[in-house]
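Worksheet: the structure to be examined is printed underneath.
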Number of protein chains: 2
Amino acid sequence: MTAPVRVTKDESVFTMTVRDVADQSGVAESAVRFYERHGLVEAARTRGNQRRFAPDAPCRIKVARVAQRVGLTVREIGAVLSEVTPDSTPDVWARVGDRLVAEARERIRRLQETLDDLGSGQRLCEIDD
Amino acid sequence: MTAPVRVTKDESVFTMTVRDVADQSGVAESAVRFYERHGLVEAARTRGNQRRFAPDAPCRIKVARVAQRVGLTVREIGAVLSEVTPDSTPDVWARVGDRLVAEARERIRRLQETLDDLGSGQRLCEIDD
DNA sequence: GCTTGACCTCAACCAATGTTCAACTTCTAG
DNA sequence: CTAGAAGTTGAACATTGGTTGAGGTCAAGC
């Protein structure tokens, strides 16, 4: 053993620029920075203070966008994604998926409820919140 | 004919105060004023500049809230409600109901689409917007 | 050495949907 | 008639999810 081995983190995986992540995830650079500030993705910094993202960043952002579609706030998405690391096993991702499915079902359920109210023959202004 | 007859508008139906409307529709007074500013409800003014609403105001606001639940913006709701007057026939209200039903169905459809994507076995980060 | 492009931060702005506050005015009941 | 409850306005604030712009830095190529 000649050199110290860094077990915890290989900095070299942090290679993607903001531009790269924006392109590959399909959002604006400003959004990438916004998501980083809110903890959805993590970035290392170069000596010149520039962000460098790991290759999982675009994926995380894409998942975040799906999560937004089902109605999670950025804060909630941050919490969900904080459970996932680059070395997470697939079942961790599966739980994220489950969470999104549950959320989507709930939204659908509530909308369907409203829809049922609307079709109930009840007069519109008598539908309660 | 001794007195001029006002055929167009009987001001005397505008009797409800902001407080009345807020109570009967279940929203805050500030919201009632907000909705008035955005044209969801109309108010006459007393000589002292206070709002007086017609009895249909709470109903309009309740419908507006249902409309919000199905995803319409205040602007859109204003447009929808502008079709309805106190003397509208029931079928005008029915069309409002239809519009809300259509909107709710559309939202449900889109959510269901996302849900299907989530269940498709596809990896999360490969779901497109 | 200089220009160019990509990046940085921080602050301001946008839209939607209200709420809250201060400073007044009006209405109503006794 | 007068006190107190209730109404008025406009501006500022809050929250969510970003975008835009000014002013500054950094690295590379000519």
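Naming: A, B, ... by sequence-line order, numbering from 1 per chain.
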For this session: Taking only the side-chain heavy atoms of A28(A) (C-beta and beyond), determine which of dC27(C), dT19(D), dC8(C) contains the nearest atom.
Result: dT19(D)
Seminar exercise, completed: T17(B) has its side chain closest, among dT8(D), dG7(D), dC8(C), to dG7(D)
Problem set entry | Nearest to side-chain heavy atoms of E29(A), which nucleotide of dG18(C), dC7(C), dT8(D) | dC7(C)
For this session: Please state whether the phosphate of dG18(D), meaning OP1 or OP2, lies under 4.0 angstrom from any side-chain nitrogen or oxygen of Q68(A).
Result: yes
Exercise. Taking OP1 and OP2 of dT17(C), is either one under 4.0 Å from a side-chain nitrogen or oxygen of R65(B)?
Worked result: no
Exercise. In whole angstrom, what separates R19(A)'s CZ from dG5(C)'s C1'?
Worked result: 13 Å
Exercise. Roughly, in whole Å, what's the span from CG in D20(B) to P in dA5(D)?
Worked result: 18 Å
For this session: Could you check which of dC27(C), dT9(C), dT9(D) has an atom nearest any side-chain atom of R45(B)?
Result: dT9(D)
For this session: Output the single nucleotide from dT9(D), dG18(C), dG17(D) whose closest atom is nearest the side chain of F34(B).
Result: dG18(C)
For this session: Choose from dT19(C), dG18(D), dA6(C) the nucleotide whose nearest atom is closest to any side-chain atom of A31(B).
Result: dT19(C)
Problem set entry | Selected nucleotide, minimal atom distance to R33(B) side chain, candidates dT9(D), dG18(C), dC8(C) | dT9(D)
Problem set entry | Test log, rule side-chain hydrogen bond (donor to acceptor under 3.5 Å, both in side chains), inputs R109(A) and Q112(A) | CA-CA 5 Å; R109(A) 196 188 58 70; Q112(A) 187 64 52; over 6 Å; no
Problem set entry | Closest to side chain of Y35(B), choosing from dC27(C), dC8(C), dG18(C) | dG18(C)
For this session: May I ask you to say whether E83(A) pairs ionically with R95(A), meaning some side-chain N is under 4.0 Å from a carboxylate O?
Result: no
Seminar exercise, completed: 5'-most contact on DNA chain D (nearest-nucleotide basis), S30(A) vs R47(A), goes to S30(A)
